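Structure first, commentary second.
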Amino acid sequence: MTSLANFLASLFDGDAMETTRMGKRAADAGEGRWRDIASAFHFKPGLIYLNSGSEGSLPVEMQALLAASMKRWASSPSQAFFDDVNLDSKQVANRRRVAQFVGADPADLVLTDNTTMGLAMVLLGLPLNGPCEIITTQQDHFSMYSPLYVLSRRHDIKIIKVSLPVPARSSEDVIRIFRQAITPRTRALCFSHINYAVGLRMPVRELCALARERNILTLVDGAHAPGMLDINLRELGPDFYAASGHKWLNGPPGTGMLYIRHAQANPWHLQAIVSERAMDVGDGLTIADALQARANLNGPAFYTLARTAEFFEGIGKAAIEQRILTLSAEVERSAVARWGRDCLLSPSSQAAALRCGLTAFVPSRNGALAYDAARMQQIAQRLCDQAGIWVLCTATPGPDGGRGPQINALRVSTHIYNFPDQIDRLFAALDELV
């Protein structure tokens with residue numbers, strides 16, 4: 001057998017250690033460990049990819065695993081759907097693998113198609129009736145706003161959007177803003193673990209504790225956290241946490257996860273809106289089991305996601321987080337050296353607890369550029385077309401509570417397949433463009 005064939009055979013035989021060993025060999029490789037890890041990914045020649053915050057890249061061997069498991073499914077579809085432990089409809093084995101990676105009980109985890117699906121499952125399944133209030137922020141994602149809008153129209157629920165500082169400077173400031181917004185009518189806090197536009201890492205543990213003290217639910221949009229941060233959902237303590245598999249975790253497209261705290265004894269009786277087993281909850285099935293039963297699932301993709309999580313765990317979640325933060329600090333340093341500290345929309349290294357792998361900045365000392373969306377988008381497009389560098393142009397409400405125009409910035413995602421010389425090339429290109 002070839003080494004790749006042996007690798008695939010070991011996975012289908014249930015040897016969960018091989019993907020862990022793959023990552024550990026790379027992590028222990030000494031000075032060149034990150035180059036070794038990066039070799040597990042394949043990008044178009046000449047491309048500098050700094051946009052993992054939108055989509056990650058599936059490792060090469062996981063591409064082969066996905067193809068092999070799809071072939072396995074196609075060879076006997078019903079057997080795969082009903083009997084194959086890695087591909088079947090219940091997804092017990094893959095839920096266990098992913099749950100271990102994010103620090104959750106497997107019975108509390110649902111494998112979903114993406115973060116948006118998980119958020120909608122929760123918000124459109126909560127048995128809330130008005131008049132009451134849900135607090136979110138001016139800087140959250142449309143995936144949160146869309147089901148909140150539907151919920152507000154159906155059930156006389158008022159959506160309160162608090163405004164966060166841009167850039168935020170301390171966890172205490174963020175917590176104080178939420179605390180001041182809570183009223184006796186507040187039923188839920190809904191916020192992102194990491195703000196997609198400016199890379200603010202929210203104080204999730206503290207906000208969840210604050211909500212629990214007031215008997216308020218928490219729903220966290222965790223799209224960017226798995227694969228970027230060393231998270232443990234039991235310790236963070238959200239009631240619900242929806243996340244993506246295709247971003248920083250580098251799983252296949254169309255994969256995600258939903259965490260339901262204490263699903264076996266969920267006191268909120270979340271209504272299963274995307275399930276064929278909703279009527280069976282409480283009859284041997286948890287709400288997580290019911291939400292997993294969504295007719296035919298993409299078992300090969302979920303299996304590949306679970307194995308990719310094991311690959312990342314083999315590298316070490318803490319090591320990955322530190323590497324990502326080190327590179328994002330390099331982006332910050334290069335931007336500030338050129339355009340001053342006021343160019344940053346992301347929290348600075350002086351607010352370490354709020355930092356992550358997303359760094360947003362305005363590439364100019366002229367503050368007017370922040371309000372020129374067309375010009376900022378043109379810069380991002382020219383970086384791609386002329387320099388082969390992928391970053392994202394983002395927009396976010398300013399610190400005036402969204403009353404004024406939005407602030408535009410370049411958002412740079414630094415991941416384990418990125419390197420300081422790529423950051424140098426980014427800023428060299430910006431020096432010519434701006």
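Predicted model only: the values in this text are computed from it and were never measured. Hydrogens, waters and symmetry mates are skipped; everything else that's a heavy atom, side chains included, is used.
- Counting heavy atoms of neighbouring residues, nucleotides and ligands inside a 6.0 Å radius, atom OH of Tyr149 does not exceed 12 of them.
- Between the side chain of Asp221 and the backbone N or O of Ala243, no donor-acceptor pair lies under 3.5 Å.
- Judged by distance alone, with hydrogens and angles left aside, the side-chain atoms of Lys317 form a donor-acceptor pair with the main-chain N or O of Phe101 at under 3.5 Å.
- Salt bridge present: Arg72 and Asp84 bring a charged side-chain N and a carboxylate O closer than 4.0 Å.
- Inspection of the Gln378 and Arg375 side chains reveals an N or O donor paired with an N or O acceptor under 3.5 Å.
- Under the rule for a side-chain hydrogen bond (donor to acceptor under 3.5 Å, both in side chains), the partners of Gln91 that lie at least two apart in sequence or sit in another chain are Asn94.
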### Query
What do the steps show when you test Phe41 against Tyr49 for ring-ring contact (aromatic ring centres under 6.0 Å, His included), and what is the final call?
CA-CA 11 Å; Phe41 299 86; Tyr49 191 69; over 10 Å; no

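- No side-chain N or O of Glu206 forms a donor-acceptor pair with one of Ser171 less than 3.5 Å apart.
- Between Leu109 and Val98 there is a side-chain heavy-atom pair separated by less than 4.5 Å.
- Between Arg382 and Glu432, no side-chain nitrogen of the basic residue sits less than 4.0 Å from a carboxylate oxygen of the acidic one, so the salt-bridge criterion is not met.
- Taking 4.0 Å as the cut-off between side-chain N and carboxylate O, Asp421 and Arg35 count as a salt-bridged pair.
- Legend: residues meeting side-chain contact (heavy atoms from CB on, under 4.5 Å) with Ser143, ordered by chain and number and at least two apart, are Thr116, Leu119, His141.
- Within the 4.5 Å cutoff, no side-chain heavy atoms of Tyr196 are placed close to those of Ser54.
- Comment: Lys161 does not engage Asp140 in a salt bridge, judged by the lack of any side-chain N to carboxylate O separation of less than 4.0 angstrom.
- For Phe427, the side-chain contact (heavy atoms from CB on, under 4.5 Å) test picks out Val331, Ser334, Ala335, Arg338, Trp339, Phe361, Ile423, Leu430, with sequence neighbours left out.
- Around CG of Asp342, the count of heavy atoms belonging to other residues, nucleotides or ligands within 6.0 Å does not exceed 12.
- In this structure, the side chains of Ser69 and Leu87 come closer than 4.5 Å at one or more pairs of heavy atoms.
- Every side-chain contact (heavy atoms from CB on, under 4.5 Å) that Arg323 has, sequence neighbours left out, goes to Trp34, Leu327, Phe419, Pro420.
- Taking the side chain as every heavy atom from C-beta outward, Leu58 and Asn250 never approach each other to under 4.5 Å.
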### Task
Could you walk me through whether Ser349 and Glu332 pass side-chain hydrogen bond (donor to acceptor under 3.5 Å, both in side chains), step by step?
CA-CA 8 Å; Ser349 54; Glu332 176 191 337; 3.2 Å; yes

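- For Tyr145, the side-chain hydrogen bond (donor to acceptor under 3.5 Å, both in side chains) test picks out no residue, with sequence neighbours left out.
- Residues meeting the side-chain contact (heavy atoms from CB on, under 4.5 Å) test with Glu321, sequence neighbours left out: Arg201, Leu229, Asp230, Leu325.
- Residue Leu50 holds its CG atom at 6.0 Å from CD of Gln422, rounded to the nearest 0.5 Å.
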